[in-house]
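These notes concern the structure reproduced below.
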There are 2 protein chains.
Amino acid sequence: MKHAMRATPVCGLRERKKQRTRDALIRAAIELFVVKGYERTTVDEIAAEVEVSQRTFFRYFAGKEEVALALEDSVEEAFVTAVAERPAGEPPFEALRAALDESWHSISAVIAAVVPLSTYMAMYRVIESTPTLLSAQMRHSALVEGRLASVIAAREGLDPADPRPRVLVAAVGGVIRVAQRLWGDGDETSVESIRRITEEHLDMLVPVLAQPWDEHQGVSGISLFQT
Amino acid sequence: MKHAMRATPVCGLRERKKQRTRDALIRAAIELFVVKGYERTTVDEIAAEVEVSQRTFFRYFAGKEEVALALEDSVEEAFVTAVAERPAGEPPFEALRAALDESWHSISAVIAAVVPLSTYMAMYRVIESTPTLLSAQMRHSALVEGRLASVIAAREGLDPADPRPRVLVAAVGGVIRVAQRLWGDGDETSVESIRRITEEHLDMLVPVLAQPWDEHQGVSGISLFQT
DNA sequence: TGGTCAAATGTCAGGCACTGACATAATCTC
DNA sequence: GAGATTATGTCAGTGCCTGACATTTGACCA
């Protein structure tokens, strides 16, 4: 404890080794989950694949869930960063939309550094179809929403007790999840596809709250009818 | 299997006994969770309290989570029913608001039939502060949102693929959860209080999506600033 | 170079959630 | 009341996860 701790010291053989085992565990886990299913994959199998003990696995991840959601975590992180970096003058809803739109590239880069995008999509389907994982993922979303609300409150110089940021983020977050789910049910793996779907869904948010619904209202309602 | 199965045959000593043990398990579980915390309460303890075997507990509930969320489940059920019963002419957003407003009474009645309302509120705090439970509850919400979306799609005579009901319900659901959380953090146990908070939050939904935020816009923004 | 310290890993024992299989006891039906 | 049905108990076993302790590995310095 002679020197101050650095957040992520890239130097050092030790740290590099740790990072490699961590990535290896994520990779092995996701591969097994995709092939065998989440429930039918044991932690022992994952550990064996990377040739570490089960105990070591649990020193990297608090639980089986965590390794399954490690990628989702990175994605969420990238999005929060993107929002925080939006110009201050932008209205909140617009800032969220713009951040989402511009962060797709960094997001897909983060993912591709660990597994191919198609594997990620397969893993997304596993998450959606596994109650335990879906639960955990929803909680993650809730935490991210909390952080986003804080970011927006700060941007707008609002009292932390002001509920408006939370209301906005909750609504937008809900819509994003709907769009994601639709993407997961489709066949189109591309980043462009999920970007488009999300955008179209967000476009619907305001008109959908208008009191009587038109027959086929909104900019792009029709293009979504087939998936 | 001579006669057709009835959904909930109130008659018969057997059924009544089952209902009683089920309620007893819920009651005992909630009481223990509130006092000792969720994680530190074992299924054996709950079963012992009701004087049944652990195995029997698992025949009533698929897991420890399920008994903890049994009440939430009833609440959600009451809400879905209320939405389904709204007059057909009503615009979707309005129908959700009205259903919510009128279902508080039946909701509190359902709860009070098992535990006092204050215990329910304590249990709500336990849920919010226990990762596992929070996760499971979020998933429940997602499932309910799916059902609500179907109900609305049917009301409006829409194609099931039309994303608008899902978008609406996701946004509204998110806002309701924000309101609930605020209620849970406060001291006011009354039904009137959560009804008011929820209503005020929903009032914020439309203005909050408007592009630049006013200083203190919206009908009742100010009354929410203290918790 | 070798010694020392801290961090990473392995091993072991154990608790708790949950499940299948089978035996027993309680209700229901006739 | 006999026989069928259904709820319950018991037991053994698997899998997730944790604490405690021993061992190894890489970092740092004389």
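Naming: A, B, ... by sequence-line order, numbering from 1 per chain.
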Look at B/Glu199 together with B/Arg195 and state whether they make a salt bridge at an N to O cut-off of under 4.0 Å. yes
Check: D/dG26 base within 3.5 Å donor-acceptor of A/Arg16 side chain: no
Is the phosphate of D/dA7, meaning OP1 or OP2, less than 4.0 Å from a side-chain N or O of B/Lys18? yes
Assess whether a salt bridge exists between A/Arg177 and A/Glu128, defined as any Lys/Arg side-chain N lying under 4.0 Å from an Asp/Glu carboxylate O. no
Please check the phosphate of C/dG10 (OP1 and OP2 only) for any side-chain N or O of A/Thr56 closer than 4.0 Å. yes
Between the base of D/dG15 and the side chain of A/Arg40, is there a donor-acceptor distance below 3.5 Å? no
Compare all side-chain heavy atoms of B/Leu96 with those of B/Ile152 and state whether any distance is below 4.5 angstrom. yes
Closest-nucleotide mapping onto DNA chain C: is A/Thr21 or B/Glu39 further toward the 5' terminus? I mean the 5' end. A/Thr21
For a side-chain contact (heavy atoms from CB on, under 4.5 Å) with A/Val144, tell me which candidate from A/Arg139, A/Glu76, A/Glu77 qualifies. A/Glu76
What's A/Thr132 touching, base or sugar-phosphate or nothing? Going by heavy atoms closer than 4.0 Å. nothing
Output the single nucleotide from D/dT25, D/dC16, C/dC22 whose closest atom is nearest the side chain of B/Arg59. C/dC22
A/Gln54 side-chain proximity, nearest of C/dA26, D/dC17, C/dA21: D/dC17
Do any side-chain nitrogens or oxygens of B/Ser53 fall under 4.0 Å of OP1 or OP2 in D/dT8? no
Spell out yes or no: do the side chain of A/Arg14 and the base of D/dA27 have one donor N/O and one acceptor N/O closer than 3.5 Å? no
Taking only the side-chain nitrogens and oxygens of A/Tyr60, find out if one of them lies under 4.0 Å from OP1 or OP2 of C/dA8. no
